[in-house]
Participant: 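I'd like to ask you about the structure that follows.
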Amino acid sequence: MGAVTQLQATIRTLLPGILVAILVAMAAQFTSEHYGAPAMLMALVFGMTLSFLSEPGAATAPGILFTSRDVLKFGVFLLGARISAELLMDLGLPLFALVVAAMFATILFGVLAGRLLGKDLPFSLLTGGAVAICGASAALAIAAVLPQDEKSEQNLLFTVLSVTLLSTLAMVFYPIGTAMLGFSDVEAGAFLGATIHDVAQVVGAGFSISDEAGKTATLVKLTRVTLLAPIVIALALLARARGWSNGTGKRPPLLPVFVIGFVTLAALNSLGLVPPLLRDVAVAVSKWALLTAIAAVGLKTSLRSVYAFGPGAIGLVVGQSLFLACFVLAGLALFVL
């Protein structure tokens with residue numbers, strides 16, 4: 001009975017904050033569906049307007065903290081249901097090689113540019129990984145294995161906010177650019193999928209051109225999502241080697257449990273062991289878990305903290321995005337198409 005009583009007490013403590021984060025996520029999704037605004041961006045903005053709910057002593061504070069960390073990891077774990085080996089085979093070796101090269105080159109560029117701009121290594125890795133892989137989802141996963149200190153929540157919020165805004169701008173202007181360059185639908189889809197940060201904006205940009213461009217863009221983008229697991233594992237090993245704190249005073253785990261779950265689920269899906277209905281449910285739950293976690297991150301951060309980053313941080317993310325676009329454009333022209 002003692003364990004049951006403890007569980008009930010924990011639920012009572014966490015439930016108010018979890019429900020607030022869910023309500024913010026639902027409001028963001030409603031706004032996205034009815035007005036076309038990015039759901040992740042809306043969740044952040046709505047959450048920041050209610051940041052007083054996470055102040056020490058607030059009844060909702062423990063649940064908001066739990067949602068921003070543990071629900072986040074659960075969402076990343078379920079993200080593995082999107083991944084399969086079939087994606088990689090459908091893409092083809094030249095384009096897959098370009099996607100991998102662009103990812104590593106963008107992260108390396110981010111680290112070097114961040115050093116020149118006076119940004120620390122964790123921040124450069126966070127922004128570089130978010131730009132290179134899959135936007136907000138990558139930022140959430142990477143942040144979970146980077147050092148946890150007084151700046152980590154603000155770093156995550158800034159990164160998600162900036163890459164979501166840039167993804168929205170790219171969704172509008174990149175299709176215009178591919179038309180000006182005379183790209184075919186397949187070429188345009190490959191470029192969009194390899195350069196736009198978030199999946200939703202990739203889909204929107206691709207299908208605004210044609211069905212063929214949309215399908216190609218989605219395939220390339222999901223291949224980038226596949227690369228999330230090895231990057232998070234590499235960063236977890238780096239954090240352990242450098243002795244970065246995970247916020248608990250303990251050495252970070254060699255392989256985070258949520259990353260192991262992500263890889264395992266992706267492997268099972270590749271082997272055809274995940275039924276389609278179960279896969280669809282996992283993808284839907286992952287989407288809502290990540291959106292709710294983003295809402296919780298917004299709830300934990302005041303708008304004033306975003307202003308403190310200054311033009312250097314903004315320049316870093318914009319520079320990383322432009323570097324990725326130029327690298328992919330050159331690769332498509334010289335080696336792939």
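The first residue in the sequence is number 1, and the count goes up from there. Quick caveat: nothing in here was measured; it's all calculated off a predicted structure.
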Participant: Can you measure from OG1 (T60) to CG (L299) and round to the nearest 0.5 angstrom?
Facilitator: 7.5 Å
Participant: How close do V160 and A139 get, heavy atom to heavy atom, and via which atoms?
Facilitator: CG2-CB, 4.0 Å
Participant: Report yes if the side chains of I209 and F183 come closer than 4.5 Å at any heavy-atom pair, otherwise no.
Facilitator: no
Participant: On a heavy-atom basis, which atom in V71 and which in A289 lie closest, and how many Å separate them?
Facilitator: CG1-O, 3.6 Å
Participant: Quick one: side chain to side chain donor-acceptor pair (under 3.5 Å) pairs with a partner in residues 71-81, sequence neighbours left out?
Facilitator: none
Participant: Find out if a path of hydrophobic residues (ILVMFWY) with successive side-chain heavy-atom gaps under 4.5 Å connects L146 to L237.
Facilitator: yes
Participant: Going from OG on S137 to NE2 on H197, what distance comes out if it is rounded to the nearest 0.5 angstrom?
Facilitator: 13.0 Å
Participant: Tell me every residue that passes side-chain hydrogen bond (donor to acceptor under 3.5 Å, both in side chains) with D280, counting only those two or more places apart in sequence or in another chain.
Facilitator: none
Participant: Does anything in residues 283-296 form a side chain to side chain donor-acceptor pair (under 3.5 Å)? List the pairs, not counting sequence neighbours.
Facilitator: none
Participant: Rounded to the nearest 0.5 Å, how far does CG of L192 lie from OG1 of T195?
Facilitator: 6.0 Å
Participant: Specify the closest pair of heavy atoms between A190 and L332, including all atoms of both residues, with the distance to one decimal.
Facilitator: CB-CD2, 4.3 Å
Participant: Working note: L65 + K300, criterion side chain to side chain contact (heavy atoms under 4.5 Å, CB included); need CA distance, chi angles, decisive distance, verdict.
Facilitator: CA-CA 8 Å; L65 177 63; K300 289 179 61 182; 3.3 Å; yes
Participant: List the steps, then state whether side chain to side chain contact (heavy atoms under 4.5 Å, CB included) holds for L112 with L108.
Facilitator: CA-CA 6 Å; L112 297 176; L108 178 60; 4.3 Å; yes
Participant: With a 4.5 Å limit on heavy-atom distance, are the side chains of T159 and V317 in contact?
Facilitator: no
Participant: For L271, does the CG atom sit with more than 12 other heavy atoms under 6.0 Å from it, leaving out its own atoms?
Facilitator: yes
Participant: Indicate yes or no: at least one non-hydrogen side-chain atom of V76 is less than 4.5 angstrom from one of L290.
Facilitator: yes
Participant: Quick check: is L228 connected to F104 through a chain of hydrophobic side chains (ILVMFWY, heavy atoms under 4.5 Å apart)?
Facilitator: yes
Participant: Please report the C-alpha distance between L329 and L181 in whole Å, then the side-chain angles of each, then the deciding distance to 0.1 Å, and finally whether the side chain to side chain contact (heavy atoms under 4.5 Å, CB included) criterion is met.
Facilitator: CA-CA 10 Å; L329 194 61; L181 292 170; 4.0 Å; yes
Participant: For residues V232 and A141, report the shortest heavy-atom separation together with the two atoms involved.
Facilitator: CG2-CB, 4.0 Å
Participant: Could you give the distance from CD1 (I314) to CZ (F158), rounded to the nearest 0.5 Å?
Facilitator: 5.5 Å
Participant: Measure the shortest side-chain to side-chain distance between V186 and E212 over non-hydrogen atoms and say whether it is less than 4.5 angstrom.
Facilitator: yes
Participant: Taking C-beta and beyond as the side chain, do V100 and L227 meet within less than 4.5 Å on heavy atoms?
Facilitator: yes
Participant: What pairs of donor and acceptor atoms, side-chain ones from residues 12-40 against any protein atom, are under 3.5 angstrom apart with sequence neighbours left out?
Facilitator:
residue	atom	partner	partner atom	Å
T13	OG1	A9	O	2.9
Q29	NE2	E33	OE2	3.0
T31	OG1	A27	O	2.8
S32	OG	A37	O	3.0
H34	ND1	F30	O	3.0

Participant: Given side chain to side chain contact (heavy atoms under 4.5 Å, CB included), test M103 with I231 step by step and report yes or no.
Facilitator: CA-CA 10 Å; M103 179 195 66; I231 289 298; 3.6 Å; yes
Participant: How long is the straight-line distance from CZ of R224 back to CG of L324, given to the nearest 0.5 Å?
Facilitator: 5.5 Å
Participant: Test of understanding: with side chain to side chain contact (heavy atoms under 4.5 Å, CB included), list the residues that count as partners of F323, not counting sequence neighbours.
Facilitator: A105, T106, F109, F327
Participant: Are M171 and L161 connected, step by step, through hydrophobic side chains (Ile, Leu, Val, Met, Phe, Trp, Tyr) whose heavy atoms are closer than 4.5 Å?
Facilitator: no
Participant: Applying side chain to side chain donor-acceptor pair (under 3.5 Å) as the test, list every pair that has at least one member in residues 259-275; sequence neighbours left out.
Facilitator: N269-R279
Participant: Check whether any side-chain heavy atom of L169 sits under 4.5 Å from a side-chain heavy atom of Y174, and report yes or no.
Facilitator: no
Participant: With the side chain counted from C-beta on, respond yes when V285 and F74 share a heavy-atom pair under 4.5 Å apart, and no when they do not.
Facilitator: yes
Participant: What's the shortest heavy-atom distance between G114 and S124, and which atoms?
Facilitator: CA-OG, 3.4 Å
Participant: If we ignore hydrogens and angles and just use 3.5 Å, is the side chain of T223 paired with the main-chain N or O of L219 as donor and acceptor?
Facilitator: yes
Participant: Is a side-chain donor-acceptor pair under 3.5 Å present for T127 with Q320?
Facilitator: yes
Participant: Just wondering, do I133 and V225 contact through their side chains at under 4.5 Å, heavy atoms?
Facilitator: no
Participant: Which atom pair, heavy atoms only, marks the closest approach of A282 to L78?
Facilitator: O-CB, 3.7 Å
Participant: When clusters are formed by joining ILVMFWY residues with side-chain heavy atoms under 4.5 Å apart, either directly or through shared neighbours, do I196 and F96 land in the same one?
Facilitator: yes
Participant: Rounded to the nearest 0.5 Å, how far does CD1 of I294 lie from CG of L140?
Facilitator: 4.0 Å
Participant: Any donor and acceptor pair, going by atom type alone, linking the side chain of Q8 with main-chain N or O of T5 inside 3.5 Å?
Facilitator: no
